[in-house]
Structure formats: C-alpha cells, structure tokens
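Below, chains carry the letters A, B, ... as their sequence lines are ordered, and counting in each starts from 1.
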Protein chains: 2
Amino acid sequence: MTLTYQHNARILVALDCIIFGFDGEALKLLLIKRNFEPECGKWSLMGGFLNEDESLEEAARRILYNLTGLQNNYLEQIKTFGAPERDPVERTISVVYYSLVNIADQDITAIQAHNASWISLDDKPKLIFDHDQMVEVALQRLRYKAALHPIGFELLPEKFTVPQLQKLYEAIYNTQLDRRNFSRKIMGTDLLLKTGEKDMTSVTKKAQLYSLNTEKYQKYLDGYYTFLPELAELSAV
Amino acid sequence: MTLTYQHNARILVALDCIIFGFDGEALKLLLIKRNFEPECGKWSLMGGFLNEDESLEEAARRILYNLTGLQNNYLEQIKTFGAPERDPVERTISVVYYSLVNIADQDITAIQAHNASWISLDDKPKLIFDHDQMVEVALQRLRYKAALHPIGFELLPEKFTVPQLQKLYEAIYNTQLDRRNFSRKIMGTDLLLKTGEKDMTSVTKKAQLYSLNTEKYQKYLDGYYTFLPELAELSAV
DNA sequence: CCAAAAGTGTTTGCGCTACACCCATGG
DNA sequence: CCATGGGTGTAGCGCAAACACTTTTGG
C-alpha cells in the first residue's frame with residue numbers, strides 16, 4: 001500500500017510580489033491596474049499561482065520576470081498570509097515576497113502589457129484583498145533590514161553618488177539625514193569604489209560616482225552592522 | 001457564471017512548529033520520535049495540515065496545543081518551505097512557526113502521548129525532510145529577534161532572577177556575558193519588578209526574584225532596542 | 001572562617017551627533 | 001562673484017566594555 005495524506009485539504013497557493021523601486025526622489029511600488037477578474041479595474045500587487053513542479057522562490061522569480069523582464073534581483077520571502085476569507089473566490093493562501101529593483105533596468109514593454117505602473121508610496125491607492133497589509137509588512141521589513149544590512153544599493157544603478165544614496169535612505173525612512181555624518185559613515189564601510197567619473201546631471205558641484213565593492217558587500221550581507229544607528233528606532237517591528 | 005481559478009494546482013499545506021524551551025541550563029527543542037508514517041521511528045518537528053476553515057496561525061496554535069496543552073504562547077511565523085520534493089509522499093509546502101514556552105507549564109501527559117521529548121540543541125539528532133534547515137532558520141531568527149526585543153522572558157517562569165535571565169541569553173547565543181554589565185543593562189530597562197522574594201533553590205547568596213513589567217514589556221516589543229549590543233554581531237542573518 | 005555566587009561602583013575609550021568651514025561649478 | 005550643493009574636519013557626550021570590591025549564605 002502506498003502512503004498518502006488522503007483526508008487533508010488541498011489548497012490554492014498564490015504568490016504576491018511587492019516590488020520596490022527608487023527614482024532618485026521617492027520610494028515607489030510597481031502596482032497593477034487589473035484588467036482581469038476578480039476585482040477588475042482595481043489596483044493590486046503582481047501575483048500568480050504556484051505550479052506543481054516549481055519551488056516558491058522559482059515561482060516568485062517567474063512572476064517577477066513576467067512583469068519586469070528582470071532576473072537575479074534581490075528577492076526575499078516575507079510572510080505567508082492565510083486568513084480563510086482573504087480571497088473571496090476560493091480559499092487561497094499567499095506567500096509574499098519583496099524585491100528591490102533598479103528602475104532604470106526595467107522592461108517597459110512588459111510592464112505596460114501588464115497594465116502596471118510605478119507609484120510613490122505616498123500616493124499608494126487602496127489595494128484589493130489583504131494587499132495593503134502585505135505592503136505594510138514589506139515596508140516594515142525593508143526598513144528593518146536596511147538599517148542593519150546594506151541592501152539599499154540594490155535599488156540604485158551600477159554607478160551612483162553618495163548624495164543619491166542618502167536620498168534613498170531618506171525616502172525609505174521618510175526622514176532627513178545629516179550630509180556630513182552620512183558620508184563619513186558610508187565611507188567608513190569601504191563598500192564604495194571610486195570610478196573616477198562624476199555625476200554630470202548635477203547643475204552645481206558634480207558629485208563623485210561610485211560603484212559597489214561586491215566582495216565587501218557580500219560580507220556585510222552575511223554579517224550584521226548597525227548601518228545607520230539613527231534609523232534603527234524608525235525600523236521597529 | 002461564478003468566477004473560479006480552475007486550472008491551477010491545489011497543494012497540501014502543512015505547518016511545522018519549532019518549540020523552544022529553557023531548563024535553566026540549556027536551550028531545548030521539543031521534538032517527536034515518530035511512531036507513525038512516513039519516516040516512522042525517526043525524529044521530526046511537531047506538525048500538521050492546514051484545515052479548510054482555519055487561518056495559518058490558528059492551525060499553528062492548534063498543533064501546539066495538541067502537543068503541549070499550552071495556549072497563548074509567544075508564536076511567530078518564520079518562513080514557508082516549498083521545494084517540490086521536500087516531502088516524498090506528496091507535494092506539500094510547509095509554513096513554519098516558532099514558539100517560546102516555559103518548560104514548567106507543559107502538559108507532560110500530552111507530550112508523552114505524542115512521544116515527544118525536550119532535547120538540548122547541542123544533542124539535536126538529524127531530523128526528517130528539511131526539518132534541520134527549519135531549526136537552523138528558527139535559531140537564527142530567535143537570535144536576531146532576542147538581540148533587539150526582550151522576548152527571552154517568554155522562556156522563563158513567572159518569577160525569575162537576573163542570573164537566570166543571563167544564563168538564558170548565554171544559552172541562546174552560546175557565549176559568556178559579564179555579570180556586572182548584564183545586570184546594569186537589564187535593570188536600566190525598567191522591565192523587572194521586584195517581588196520581594198528570593199530564589200531559595202540556590203545554595204549560596206539567594207538572588208532576588210523579579211516578575212516582568214508587562215506594560216513596559218509591550219512597549220519594548222513594539223519598539224526596537226539594542227538589547228545586548230555585544231550579541232548583535234552574533235545574530236547575523 | 002571560607003568558598004561561591006550576587007550585587008554595586010568606577011574608569012576608559014570609542015562612536016555617534018552636531019556643529020563650522022572649504023571646494024567646485026554654472027550663471 | 002555669488003548661489004548651490006559636495007566634501008572634510010572637530011569638539012562633546014553618552015554608552016558600553018573591562019575592571020575591583022563588598023555582601024550574603026551554607027557548611
């Protein structure tokens with residue numbers, strides 16, 4: 001006799017992705033204006049269902065790739081939502097991931113085909129089902145993580161300036177930082193490599209362009225570092 | 001026509017619980033020596049399947065209650081495991097929770113009925129499926145969380161001494177701490193209330209018994225606090 | 001009176017914060 | 001030469017780490 005788990009419920013497993021981006025000014029979300037049922041016409045996260053033969057992370061990457069054309073982004077599982085009535089169509093649990101992408105790398109055609117747009121966190125519309133709650137948890141997690149690990153870089157282009165990095169952190173934590181202290185702290189990590197180039201888009205003094213020291217970056221990711229102490233308390237869980 | 005998600009796969013959803021306890025000396029896990037299939041005779045975490053009408057947390061609490069007779073413990077979702085072949089019987093994803101319990105409160109009859117025992121982390125046997133990995137992630141998470149939030153108290157009895165609390169932290173992080181600095185740091189939080197009683201089990205000087213200031217405790221849980229700076233780097237993620 | 005563990009005090013130094021000042025660029 | 005924004009330096013303070021000493025208890 002072959003062993004089975006006969007009498008237990010089989011349930012739909014969905015995945016939803018919170019996709020963060022940064023345009024130099026504000027922290028943004030890639031959201032979908034649904035042109036399909038259910039809740040057609042309303043805003044939601046990008047999602048999909050788990051297939052029989054793929055892992056959760058594979059499914060999340062597939063969904064992300066379909067929407068943005070991007071692969072190998074920073075992707076992290078956050079939490080699984082499973083309230084019985086969360087999807088009115090049928091009992092569905094949803095495994096939620098968040099990803100960090102460099103807006104400049106996106107595939108605009110793919111995004112438009114899905115009827116998606118980048119929307120500032122401040123302008124976020126109400127989303128369907130429990131997606132608002134998912135965004136809330138994702139933002140909390142991003143703040144928590146970015147205060148202790150240098151994942152912010154994932155949102156920037158290859159080459160970036162220190163003031164750009166600062167703007168990013170200010171957007172994530174919705175706060176103001178001291179230019180001098182920020183610069184010293186970041187420089188102290190040895191995470192930045194001088195490229196020798198300067199940011200020519202600026203009108204006044206051109207800032208140095210840096211690239212990420214990927215070797216050190218890996219070490220900082222594996223380890224733990226009070227990246228921005230002043231931000232720690234803003235990242236309460 | 002009613003809307004359905006017809007063509008997508010329905011999948012078994014399991015829950016597995018990592019149950020941490022502390023006996024005054026070592027950090028322990030409540031593990032099951034399986035007397036049922038599959039993998040009968042081997043060690044595993046306590047688990048079960050999600051029912052149609054319950055939420056994930058409800059299911060986790062049900063499983064925890066069945067094994068220990070305990071309710072209202074500290075319980076937190078960690079991660080969902082979903083590799084296609086993780087359960088050889090049938091495709092199953094597993095939502096993993098960890099809980100902190102006071103060993104003294106357990107229901108011994110229930111535990112024995114499930115063929116479960118408390119086992120020190122150091123003596124942990126190999127577990128079935130991907131359960132070893134789950135424990136690994138749970139321990140990481142406990143360390144990460146306990147360095148920034150005072151959840152350690154959940155593992156202790158109502159009344160406890162400062163040296164007991166210190167022993168607990170030393171067990172969690174597998175390290176030695178300075179008595180003087182530890183005491184000062186903990187006292188500075190105003191989390192402890194003097195009971196006036198003393199620990200009579202000790203042979204030499206009897207230590208003060210304290211209880212938890214639950215009001216302040218809630219605030220510390222909601223917020224963020226570098227509880228034990230020296231431990232922060234041990235809690236890398 | 002001694003050993004073992006609990007409790008209190010003190011110094012030192014590093015790192016965060018809050019500032020002031022100089023440099024580069026375009027108009 | 002002036003406005004804007006980038007880059008570097010410095011003083012003060014608070015907290016954590018590394019210590020020594022006293023107190024309580026049982027034998």
Side-chain angles (χ1 to χ4, degrees), chain A residues 24-25 147-148 150 156 159-170 173 175-211 220 223-235, chain B residues 24-25 147-148 150 156 159-171 173 175-210 220 223-235:
Chain A
E25 289 300 325
L148 305 168
L156 294 174
K159 296 173 185 176
F160 54 88
T161 68
V162 173
Q164 275 168 25
L165 185 62
Q166 181 177 345
K167 279 230 167 84
L168 167 60
Y169 274 93
E170 291 177 338
Y173 295 95
T175 188
Q176 297 283 105
L177 296 171
D178 184 283
R179 206 164 26 91
R180 289 74 59 100
N181 295 334
F182 182 85
S183 172
R184 194 159 3 87
K185 182 81 192 196
I186 296 295
M187 288 308 175
T189 62
D190 269 339
L191 277 167
L192 303 192
L193 293 172
K194 255 193 180 142
T195 64
E197 302 167 60
K198 292 183 176 183
D199 175 20
M200 301 315 267
T201 67
S202 155
V203 193
T204 60
K205 179 171 182 178
K206 280 102 168 75
Q208 292 282 340
L209 279 166
Y210 294 90
S211 64
Y220 272 96
Y224 174 109
Y225 178 72
T226 51
F227 228 69
L228 290 168
E230 32 182 339
L231 299 180
E233 61 177 281
L234 297 176
S235 67
Chain B
E25 290 300 325
L148 305 168
L156 294 175
K159 296 173 185 176
F160 54 88
T161 67
V162 173
Q164 275 168 25
L165 184 63
Q166 181 178 343
K167 277 231 168 86
L168 167 60
Y169 274 94
E170 290 178 336
Y173 294 96
T175 188
Q176 295 284 102
L177 297 171
D178 184 282
R179 208 162 24 92
R180 288 74 59 101
N181 294 334
F182 182 84
S183 172
R184 190 158 3 85
K185 183 80 191 197
I186 295 295
M187 288 307 176
T189 62
D190 268 339
L191 277 168
L192 303 193
L193 293 172
K194 255 196 181 140
T195 63
E197 301 167 61
K198 292 185 176 181
D199 175 21
M200 300 314 269
T201 68
S202 155
V203 194
T204 60
K205 180 168 181 178
K206 278 104 170 71
Q208 292 282 340
L209 279 166
Y210 293 90
Y220 272 95
Y224 174 110
Y225 178 73
T226 50
F227 228 69
L228 290 168
E230 34 181 339
L231 300 180
E233 62 175 283
L234 296 176
S235 69

Assess the residue pair L165(B) and L191(B) against the criterion (side-chain contact (heavy atoms from CB on, under 4.5 Å)); give the C-alpha distance rounded to whole Å, side-chain angles, the decisive distance to 0.1 Å, and a yes or no.
CA-CA 12 Å; L165(B) 184 63; L191(B) 277 168; over 6 Å; no
Using ring pair (Phe, Tyr, Trp, His ring centres under 6.0 Å) as the criterion, list what pairs up with Y225(B), not counting sequence neighbours.
Y220(B), F227(B)
Under 4.0 Å from any atom of DNA chain D, heavy atoms only: list the residues of residues 198-208 of chain B that qualify, in numerical order.
K198(B), V203(B), T204(B), K205(B), K206(B)
Report the residues that fulfil salt bridge (charged side-chain N to carboxylate O under 4.0 Å, His left out) with K159(A), sequence neighbours left out, ordered by chain and then residue number.
E197(A)
Please find the earliest and latest nucleotides of DNA chain C, in the 5' to 3' direction, that have an atom within less than 4.0 Å of any heavy atom of chain B.
dA4(C) to dT10(C)
Near DNA chain C, counting only heavy atoms under 4.0 Å, which residues of residues 177-196 of chain B show up?
R179(B), R180(B), R184(B)
Could you tell me which non-hydrogen atom of K167(A) sits nearest to which non-hydrogen atom of G24(A), and how far apart they are?
CD-O, 3.5 Å
With sequence neighbours excluded, what pairs up with K205(B) under the salt bridge (charged side-chain N to carboxylate O under 4.0 Å, His left out) test?
none
Residue list, side chain to side chain contact (heavy atoms under 4.5 Å, CB included) with T161(A), at least two apart or on another chain
P163(A), Q164(A), D199(A), A207(A), L209(A)
Of the residues in residues 162-169 of chain B, which ones touch DNA chain D at a heavy-atom distance under 4.0 Å?
none
With rounding to the nearest 0.5 angstrom, report the OH to CG distance, Y169(B) to L228(B).
5.5 Å
Does anything in residues 176-187 of chain B pair up under salt bridge (charged side-chain N to carboxylate O under 4.0 Å, His left out), and if so which pairs, sequence neighbours excluded?
D178(B)-R180(B)
Report the C-alpha distance between Q208(A) and V162(A) in whole Å, list the side-chain angles of each, state the deciding distance to 0.1 Å, and finish with yes or no for side-chain contact (heavy atoms from CB on, under 4.5 Å).
CA-CA 8 Å; Q208(A) 292 282 340; V162(A) 173; over 6 Å; no
In chain order, what residues pass the ring pair (Phe, Tyr, Trp, His ring centres under 6.0 Å) check against F160(A), with sequence neighbours excluded?
F153(A)
State which residues pass side chain to side chain donor-acceptor pair (under 3.5 Å) with E170(B); sequence neighbours excluded, sorted by chain then number.
Q166(B)
